[in-house]
Structures are given as structure tokens and as C-alpha cells.
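One structure below.
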2 protein chains.
Amino acid sequence: MVRKPAKVPSTRRPNMREAILAAAEELFSTYGFNAVSVRDIARAAGANPGSVTYHFKTKDGLLLEIYRRHCGPMNLRRSELLAAARRVRDLQDRLEAIVRAYVLPAFTSGSDLAGGGTRFTRLRAIMSAEGNEVVKRIIAQTFDDTSDAFIDAIHESLPHIPRTDLVWRGHFLLGALYYTLVTPERVSRLSRGSADGTDAGQAIEELVRATVASLQAAPLDQTLARRKTTIAEIAQGER
Amino acid sequence: MVRKPAKVPSTRRPNMREAILAAAEELFSTYGFNAVSVRDIARAAGANPGSVTYHFKTKDGLLLEIYRRHCGPMNLRRSELLAAARRVRDLQDRLEAIVRAYVLPAFTSGSDLAGGGTRFTRLRAIMSAEGNEVVKRIIAQTFDDTSDAFIDAIHESLPHIPRTDLVWRGHFLLGALYYTLVTPERVSRLSRGSADGTDAGQAIEELVRATVASLQAAPLDQTLARRKTTIAEIAQGER
DNA sequence: GTCTATACAACGATAGAC
DNA sequence: GTCTATCGTTGTATAGAC
């Protein structure tokens, strides 16, 4: 809340606040929020536990500040890329560009550090699973607008698909993205080394391809009419 | 490790072990593993904290027992449904049946209680995000075989798609599934009420549709050849 | 064999010294 | 502005009563 002057503060250790913030981000995005203690953070930053409380009031406050840092730049980048994507002429290419505009910042952007975007997205993935209340509020405030804009853009490219289906499919995209950042080694393992789950480039390309295809899929009723084998038949097959 | 006799034990309170197990499953799948204390579990089960330690040795042991309970039935059901799906004649229907066989038990199976499968899958989702070590070991032992079988089955239906791509897309499916169970209200919100994220039926149908389409998508190189607008063009569009 | 009472370390947070 | 000392509370595990 209280804004600090831009001048370097006459402190014992310079940028202790920054050191704590960096340590917290690193630890939270690796082990989750609940598994990391304020003491862990202080230790990693070379600070005193009390100093964490001084700077951020509570543990939740620390998390809030990390989100504040990243949300702005990431959503800005997304908006820029989305605007550019909407100008793509070829319809198929435009759709792909829109999806890419959504995915790319999650992997690469982030305020300053290399891989900052990836780390922050990983944190978001863990936080959504842990169901943190602070984060829920931030998401409803900050991310829903962006998500809406993307769904609208996709809907423009695919007007014959009901918006509801696109919401579902966009939701699946985010889940897939999160899961890939949280458990990349599973991809490497199941592919027996022929894919590298930690390779952002590979992940992005596969994610974009899969998502574009899923977005273009016919809506539900059309497929139900086509199907020759009913669900009941399959479920009864063995049991 | 030590197997207990099948006889009902002559205990003061019957099924206290079961009560603790049920309470733990409920709490873990709602708030995550790290956020829930042994005291919380004991309180919810009407037991003494020490009694939890007696039955399950450690908090990890409790988690392990919950997994042991569910993994067997769920993977059995999956195998049954997969075997049935493989016998479907129509190729398109078969692929869909295979995906359905993977998704269905995650939502509905589970040892006994209604919604047991959903609750356990939700737990798995949270645990994978929290990066729990106990769970990582169980997954590598129990789930990878099943995942492999499904990828193989899908590969048989889509022999022209490289297995690596199918691994990625199957991974995305699991991520989407997890995320839907963890944050269903997001779907309801973004769709402005026209979809219900908590409705397992809707979720399954949308998930199956989207996944089948993504699995059928052309592999990477083919699309790269088709594309008219390069990635660089898009990224440079605004910035 | 099952549960109660209790020990002990670590947690988040505060007040006040520096 | 930062750190020390410390509060009340919680998580985990044990030892012994029933």
C-alpha cells in the first residue's frame, strides 16, 4: 500500500525487500504456498523472519505482491499479441495466432528475469490447485477480463461454434498449460525421451496445435447425431 | 505393509479407522495436503490426534492408504472400459470410446461412495500440483502403465500420428481434466451461467469432444508447411 | 488393540530494541 | 528501516492408560 521512494533506501542491506520477494517467488513456485514457511523465505533471502512481516505484513501479503508484480506485464503482453493476432488475414492462421498470443506470455514473459513468466505461471497453477483465497480474488479481478477478450476473439474466428463450447475448450487449454508446467517430467517419461516436457518451445507448439484442433471441433449435438455406437453399449461391454 | 485380519476388530468405537480415512480424504481433496493438519482430520472424524498416528503412522501414511484404496478399483474399471472400447468397429467411434474410457472412471468410479471417483481425482490433481513425493512414487508405479496402455490404444487408432504427439495430447487431456475438477466454477463464470463446471456429464462430453479433435490434428511439420503467417510476424506485430 | 494425555519443535505474527 | 525477543498456536509423534 505505502509506496516507497525510488531512491535507494539508506538501509543496512540494500534491496532486502527485493531479495525476500525473489526468494518467496522461487520457493512458492517450487513447493507451493502452504509448504513454504515465512522462516524458509527469510532464510533463503538471508533476512530475519520479522523483516518479512515488516515489508509485507502477512504471508498472504507477500503472495499478493508477487501477483501484483507479474499480472500487469503479462496481461499487457497478452493484449498486444492478441491485437496483432486479430489483424492476421488468413482465418486459420488468425485462430492459431490468437491461441499463441494466449499461450506465449505464460511461458516467456514476466517482468524482468529470464523465465520469469514460466515461474509465475507455475505458481499460478499451484495456487489454483491449492485453492488459495487471496489468489481467487485476484484472478476474478485481473484474469477474467483477459480470458473474456480471448474467448470473444476466438468466437469471431469460429462464429458457428457456440460460445459455451469455446469457454470449455479455452478452460481445457489453461488446464493443459498449467499441468505441463507443473509436471513436465511426465511427458518426458511417457514419451520415453522422445519429447522434453521442460522444453517451452515444444510445449507451446504442441499446445497450440492441439488447442486449435479442439476449438475447431464440431459442437456436441452434431457429433451425437453421427455416432454409431452409444455410450451405454460401450459401458456395458465388459462389466 | 502388515495385513490386518478381515475380522471386525473389537474396538471401542467401531470403524474409527474408516472415519479418519473418510475425513482425511474429504479434507485433503478440498484444501490440499499441506493445508490440512492431522488435528483438523482428527477433529472432523471425532478422534484424538494421536489415534491418527496410531492407525497410519504418519500423515504421509494416511495419504498412501487413501491412494491404495482408490487406485485398484479405478484402474480396473479403466482397463475394462478400454478393452470394451478397443472392440468398437467404427474407427472414429473407437477413438472416442477410448478417450471416454480414460475420462469416465476419473469422474464416476471410486470404491463405494457417490462422487468418490471425482473426489479422488480432485485429490490427485491437487497432489500433482503440490508435488508431493509420496504421490510421485505411487504415480510412477501405478498410473504410468495405464497411461501407456491408453496411448498405445490411441496410437493404433491413429497410426499416422507420431506417438510423441499423442503423448503430449494425452498429457493435455489429463491437465484439462484435473483443472476442471479443481476450478469448475471458472467455467460457470466465464460462460455466464450457460455451462455448469460442476456438472460431470457436461464436462465429460466437452472433454471427450475436444480431446478427440486434438488427437486427430495433423502432426507439427505438416502445419508448419501450411502456415502463411510466420510466428515472427505475429510477435513483431505490435511490440 | 485402541485411544488419551502430553511433549516438543516450528509456525505466523507482534512489540519494541537498535 | 531492520532485527531480536517472544507470544500464542499448531503440527507431529510418543508413552502409557484403558
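Proteins get letters first, then strands, A, B, ... in listed order; numbering begins at 1 in each.
In the set D:dA13, C:dT14, C:dC11, C:dT14 carries the atom at the smallest distance from any side-chain atom of A:K57. Out of D:dA13, D:dG11, C:dC3, the shortest distance to the side chain of B:T58 is found at D:dA13. Looking at the side chain of B:N48, the nearest of the listed nucleotides C:dC3, D:dG1, D:dT10 is C:dC3. Comparing C:dG12, D:dA13, D:dC3 by their nearest atom to the side chain of B:P49 picks out D:dA13. Of the candidate nucleotides C:dC11, D:dC3, D:dA13, C:dC11 has the atom nearest to the side chain of A:D40.
Here the P atom of nucleotide D:dT12 and the CD1 atom of B:I20 are 14 Å apart, to the nearest Å. For the pair A:I41 CD1 and C:dA10 C1', the computed distance is 15 Å after rounding to whole Å. Straight-line distance from the NZ atom of B:K59 to the P atom of C:dA10: 16 Å, rounded to whole Å. To the nearest angstrom, P of D:dT2 lies 11 Å from CD of A:E18. Atom P of nucleotide C:dC11 and atom CG of A:L27 are separated by 12 Å, given to the nearest angstrom. The separation between A:F33 atom CZ and C:dG12 atom C1' is 10 Å, rounded to whole Å. Separating the CZ atom of B:F56 from the C1' atom of D:dG11 is a distance of 18 Å, rounded to the nearest angstrom.
Residue B:S37 is classed as a sugar-phosphate contact, given heavy-atom separations below 4.0 Å to backbone atoms only.
A salt bridge does not link A:E130 to A:K136: none of the charged nitrogens lies less than 4.0 Å from a carboxylate oxygen. Salt bridge status for A:R192 with B:D148: present, with a side-chain N to carboxylate O gap under 4.0 Å. Salt bridge A:R122/A:E25: absent, no basic N to carboxylate O contact under 4.0 Å.
At the phosphate of C:dC11, OP1 or OP2 sits under 4.0 Å from a side-chain N or O atom of A:R39. Contact annotation: B:H55 side-chain N/O to C:dC3 OP1/OP2 distance is under 4.0 Å. Residue B:S51 has no polar side-chain atom (N or O) positioned under 4.0 Å from OP1 or OP2 of C:dT2. For the OP1/OP2 pair of C:dT2 and a distance below 4.0 Å, the side-chain nitrogens and oxygens of B:Y54 include at least one atom meeting the criterion.
Taken from CD in A:E18 to CG in A:L21, the straight-line distance is 5.5 Å, to the nearest 0.5 Å.
Applying ring pair (Phe, Tyr, Trp, His ring centres under 6.0 Å) to A:Y102 and the options A:F107, A:F150, A:F143 leaves one that passes, A:F150.
Sequence order on DNA chain C of the closest nucleotides to B:G50 and A:N34 puts B:G50 first from the 5' end.
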